[in-house]
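These notes concern the structure reproduced below.
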Amino acid sequence: MPSTPHKAPAHVSFVVVANRLPIDRVSGPDGDTWRTSPGGLVTAMEPVLRGRNRADGQVDSAWVGWHGAPDERIDAFTDGGFQIVPVELSAQEVAEYYEGFSNAMIWPLYHDAIATPDFHREWWATYQEVNQRFADRAAEVAAPGAIVWVQDYQLQLVPAMLRKARPDLHIGFFLHIPFPPAELFSQIPRRREIIEGLLGADLIGFQVPGGASNFLRLAKRLTGCRTHGDEIELPDGRRSLARAYPISIDAHEFADLAASPPVTARAAQIRSDLDNPKVLLLGVDRLDYTKGLRQRIRAVGELFAEGRLQPEDAAFVQVATPSRERVAEYQLLRDDIERLVGNINGTATGFGRPLITYRRNQVPRDEIVALYRAADIMLVTPLRDGMNLVAKEYLASRVDDSGALVLSEFAGAARELRQAYQVNPYDINGMKDTIMRAVTDPPAVRRRRLRAQRREVFSHDIAWWADRFLSDLAGVARERHRHG
Ligand code: ADP
Ligand code: G6P
C-alpha cells in the first residue's frame, strides 16, 4: 500500500497522533499486507484527515501511529492524501505498554473496572518511554505553530512531553473512552503524572460532560491548580479547557454506501441466505468484555427458549472482530462466547439455520453496511462504552427509515439517541422485554423513533465534531498568544 515512501517525513501543519495508524500491517501466507485497523477511533478520525488536503493538492497533514506489528521499522509514506508516520514498538513494548499498561490496566479501570485492572510496576517506565517516542515523532513532523491532536488513553503523557519540546504547537487531546470518577481513577499508582500529562494540552476533549467534570475535579485535587468552570489555571500561566465533544461518523458516507446497488443486493442476499426471517436481529462489535456480549447472547437465547422468539421467524447474527488476543481477559471472553453460542444452538430442535449465527472475524465495510441494511433490530448493549459508533453507523445506514436500535444506557451515544429502545444490559429480563417491544411495536412507531435518531446523527456528524473541537482549540491558542 505505501505509495510514496519518504525517509524523513515532511513538515505539516496538522498532525494526528494515535496509538494505531489507520492501516494495520498483517503477515499472511502471501506475505505482508495492509488492512484497515480495528475500532471506532480509526473509523471516526480517518475522514477528518482525508478532508484536509491543501487547495494546491500538497499534503499538509500526517498521522503518527503504530502499524500493528512488533519489531518492525517502516519509513514514512503518503497514502489517502496524508502522510503516514509509523512508530516502531519492540515486542517487549507491545507487551508492557500496549497489552499491559494500556489494555490490562487503563482500559478496564476507565470502563468501570468491569474486569479487574492489573497493575505491574515495570509497565509504567515502558508507558513513559513509548509516550516519549510518539511525542518525538510528532515533534519531528509538526511545522512551526502546527496543530497536533493527540488521541486516546494509550498516549496520555504525550501532551505534556510535546509541550516541553515544542511550546509553539497548538495541542489538543481527545479521550475516546470514558473518563472515570475520582474513586476509580485514584487507584492508579501514577495518577498525578497522568493528569499532568493531559494538562499539557490546550484543550482536553471527552465524549460526555460527566467525563470532563470527573477530570476537572481530579485536576484540582491532584495538582492543586484552580479551575473556573471548564477552565484550568496552570502553574506556567497557561489555561487549559476540558469539555465534552461527542464523537460521530461520516453519516453521508455510510448512507451512500447503504443505498448503493451492490450493498442493497447484498443485504437481500444475506436475508435470503438466512431463509428470509421475519425478524433479523444483529450485533456487530469488537470482541471486548465491555460490549455486553455475554448478557446479550443470554437474553436472545432465553427469548428463543421461552418461545417469545420463534426459530422459524427470527434469526440472530452476531459478528465479532477479534481484539487484543494476547490479553488474558480477552481469551476468556472468546472461549465463553463460543461456549455460550454452542450451548444455545445445541438446544435447537429443527435442522434449519442455527438460532445464533456467530462469526468471529473482521468484515469489510461494505459487508458490515449490508448487514446493517438487512437487520430489523440492531442490538448495541455495552456494559460501558465511551460513545459506540456501531449504533450511529446502523442509523445512518437505514436509508428507508425502517428498523430499530436497542441501545444500552451505558453507551455515550445514549445521551444523544434518546429515542432508541434503551436498556440496562445488567438487567437481562428488562433487556428481553425491551427487545420484544422493539420487535412488536407497530412499524409507524419504529419509523418515528428511527427518524428522530437519524436526524441527530446527520446533524451532528464527524465534520461537525471536528469543526467544534478545532475551533475551540484555535480559541484557546489565540488567548494564549494574547497573554504572551
Ligand atoms: P470500539 O471503538 O470500542 O471498537 P465502536 O462501536 O465505537 O467501538 O467502533 C467499532 C468500529 O469497528 C465501527 O466502525 C465498526 O463498524 C467496526 N467493527 C466492529 N466490528 C467489526 C467487525 N466484525 N468487522 C469489521 N469492522 C467492525
Ligand atoms: C477503541 C479504542 C481505540 C483502539 C480501538 C481498537 O476504539 O478507543 O484507541 O484503537 O478500540 O483497539 P486496538 O487495541 O486494537 O487498537
Side-chain angles (χ1 to χ4, degrees), residues 16-24 26 35-47 63 65-69 89 94 97-104 106-108 110-111 114 150-156 173-179 206-207 246-251 253-254 257-258 282-293 317-327 329-330 337 358-372 378-397 405 407-408 410-413 462:
V16 163
V17 192
N19 173 60
R20 262 193 199 280
L21 285 172
I23 46 179
D24 212 15
V26 278
R35 66 160 187 211
T36 306
S37 301
L41 184 154
V42 165
T43 303
M45 293 308 294
E46 202 268 338
W63 186 314
W66 176 45
H67 45 75
L89 294 183
V94 173
Y97 146 79
Y98 170 71
E99 291 161 354
F101 196 89
S102 301
N103 287 314
I106 298 284
W107 178 271
Y110 281 27
H111 287 90
I114 295 169
V150 184
Q151 311 290 321
D152 231 358
Y153 61 100
Q154 304 91 342
L155 302 178
Q156 295 174 100
F173 179 90
F174 186 76
L175 185 71
H176 293 251
I177 68 174
F179 190 81
F206 299 88
Q207 298 279 25
I247 204 167
S248 193
I249 53 164
D250 185 338
E253 188 177 314
F254 276 90
L257 188 56
L282 174 68
V284 172
D285 308 78
R286 235 173 2 85
L287 193 40
D288 195 293
Y289 52 80
T290 58
K291 303 293 180 184
L293 285 158
V317 174
Q318 174 66 56
V319 186
T321 192
S323 187
R324 308 173 192 164
E325 289 192 291
R326 283 158 31 118
V327 179
E329 281 289 340
Y330 289 78
I337 296 299
Y358 177 65
R359 293 283 174 273
R360 182 172 37 77
N361 41 41
Q362 190 167 353
V363 177
R365 166 77 58 88
D366 43 4
E367 182 75 356
I368 295 266
V369 175
L371 281 163
Y372 292 151
M378 185 77 209
L379 302 180
V380 178
T381 58
L383 302 175
R384 174 63 72 197
D385 210 329
M387 176 52 58
N388 196 290
L389 295 183
V390 164
K392 295 187 173 183
E393 292 172 3
Y394 174 73
L395 294 166
S397 304
L405 172 65
L407 179 63
S408 162
F410 302 119
I462 190 67

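This is a predicted model, so every value here is computed, not measured. Remember, it's 1-based here, ligands and their atoms both numbered in the order they're listed.
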[X] [atom1] to [Y] [atom2] distance, which is reported to the nearest 0.5 Å:
| X | Y | atom1 | atom2 | result |
| --- | --- | --- | --- | --- |
| Ile337 | Leu287 | CD1 | CG | 7.0 Å |
| Leu383 | Phe410 | CG | CZ | 8.5 Å |
| Phe179 | Gln156 | CZ | CD | 7.0 Å |
| Leu379 | Leu407 | CG | CG | 10.5 Å |
| Met387 | Ser248 | CE | OG | 8.0 Å |
| Leu41 | Leu175 | CG | CG | 10.0 Å |

Between ligand 2 and [X], is the shortest N or O to N or O distance under 3.5 Å?
| X | value |
| --- | --- |
| Ser323 | no |
| Trp107 | no |
| Gln154 | yes |
| Tyr153 | no |

I need the atoms of ligand 1 closer than 4.0 Å to a non-hydrogen atom of [X], numbered in the order shown.
| X | answer |
| --- | --- |
| Ile368 | 21 (C), 22 (C), 24 (N), 25 (C), 26 (N), 27 (C) |
| Val319 | 23 (N) |
| Gln362 | 24 (N), 25 (C) |
| Asn388 | 6 (O), 7 (O) |
| Tyr372 | 16 (O) |

- N/O donor-acceptor pair under 3.5 Å between Asp152 side chain and Gln154 backbone: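 Judged by distance alone, no pair lies under 3.5 Å.
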- Message: In the structure I gave you, are the side-chain heavy atoms of Phe101 and Ile106 within less than 4.5 Å of one another anywhere?
- Response: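 They are in side-chain contact.
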- pair Leu155-Val17: side-chain heavy atoms closer than 4.5 Å: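 Result yes, sub-4.5 Å side-chain heavy-atom pair found.
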Counting heavy atoms only, name the option from [options] that's nearest to [atom].
| atom | options | result |
| --- | --- | --- |
| atom 10 (C) of ligand 1 | Pro382, Gly386, Pro364, Gly40 | Gly40 |
| atom 12 (O) of ligand 1 | Pro322, Gly39, Ala44 | Gly39 |
| atom 4 (C) of ligand 2 | Arg324, Met387, Gln207 | Arg324 |
| atom 19 (C) of ligand 1 | Val284, Leu371, Leu41 | Val284 |

Should you measure from each heavy atom of [X], which atoms of ligand 2 turn up under 4.0 Å away?
| X | answer |
| --- | --- |
| His176 | 8 (O) |
| Pro38 | 6 (C), 15 (O) |
| Ile177 | 8 (O) |
| Gly40 | 7 (O) |

Minimum heavy-atom separation for [X] to [Y], with atom names?
| X | Y | value |
| --- | --- | --- |
| Gly283 | Asp285 | C-OD1, 3.8 Å |
| Leu89 | Val94 | CB-CG2, 3.9 Å |
| Asn103 | Pro108 | O-CD, 3.6 Å |
| Gly386 | Gln207 | O-CB, 3.4 Å |
| Ile177 | His111 | CB-CE1, 3.8 Å |

Return the closest protein heavy atom for [atom] as residue, atom name and distance.
| atom | result |
| --- | --- |
| atom 22 (C) of ligand 1 | Thr321 CB, 3.5 Å |
| atom 16 (O) of ligand 1 | Glu393 OE1, 2.6 Å |
| atom 4 (O) of ligand 1 | Arg286 NE, 2.7 Å |
| atom 14 (O) of ligand 2 | Tyr98 OH, 2.5 Å |
| atom 24 (N) of ligand 1 | Val363 N, 2.8 Å |

- Query: Between Tyr153 and Tyr110, is the ring centre distance below 6.0 Å?
  - Reply: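 Ring centres of Tyr110 and Tyr153 not closer than 6.0 Å.
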- Would you verify whether the NZ or CZ of Arg20 falls within 45 degrees of the ring axis of Trp63 while also being under 6.0 Å from that six-membered ring's centre?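 The answer is no, since Arg20 fails at least one limit relative to Trp63.
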- Message: With the threshold set at under 4.0 angstrom, would you say Met387 reaches ligand 1 through any of its heavy atoms?
- Response: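 For ligand 1, residue contact (heavy atoms, under 4.0 Å) with Met387 is absent.
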- Query: So is Ile249 close enough to ligand 1, meaning a heavy atom under 4.0 angstrom away?
  - Reply: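 The answer is no, since Ile249 has no heavy atom less than 4.0 Å from ligand 1.
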What about [X]: any of its N or O atoms under 3.5 Å from an N or O on ligand 1?
| X | result |
| --- | --- |
| Asn361 | yes |
| Leu389 | yes |
| Lys291 | yes |
| Val390 | yes |

- Query: Backbone, side chain, both or neither: what part of Asp152 comes under 4.0 angstrom of ligand 2, heavy atoms only?
  - Reply: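 Asp152 to ligand 2: side-chain contact only, backbone stays beyond 4.0 Å.
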- Query: Between Glu393 and Arg365, is there a side-chain N and carboxylate O pair less than 4.0 Å apart?
  - Reply: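 Salt bridge flag = no for Arg365 with Glu393.
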- Item | Among Lys291, Arg286, Gln362, side chain to side chain donor-acceptor pair (under 3.5 Å) partner for Ser323 |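 Result: among Lys291, Arg286, Gln362, Arg286 is the only option passing the side chain to side chain donor-acceptor pair (under 3.5 Å) with Ser323.
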- Considering only heavy atoms, does Asp285 approach ligand 1 within less than 4.0 Å through its side chain, its backbone, both, or neither?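 Contact part for Asp285 vs ligand 1: backbone (N, CA, C, O).
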- Task: Record the part of Arg365 in heavy-atom contact with ligand 1 below 4.0 Å; permitted values are side chain, backbone, both and neither.
- Result: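 Under 4.0 Å from ligand 1, Arg365 contributes no heavy atoms.
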- Under 4.0 angstrom from ligand 2, any heavy atom of Gln151?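 Gln151 does not count as a contact of ligand 2 under the 4.0 Å cut-off.
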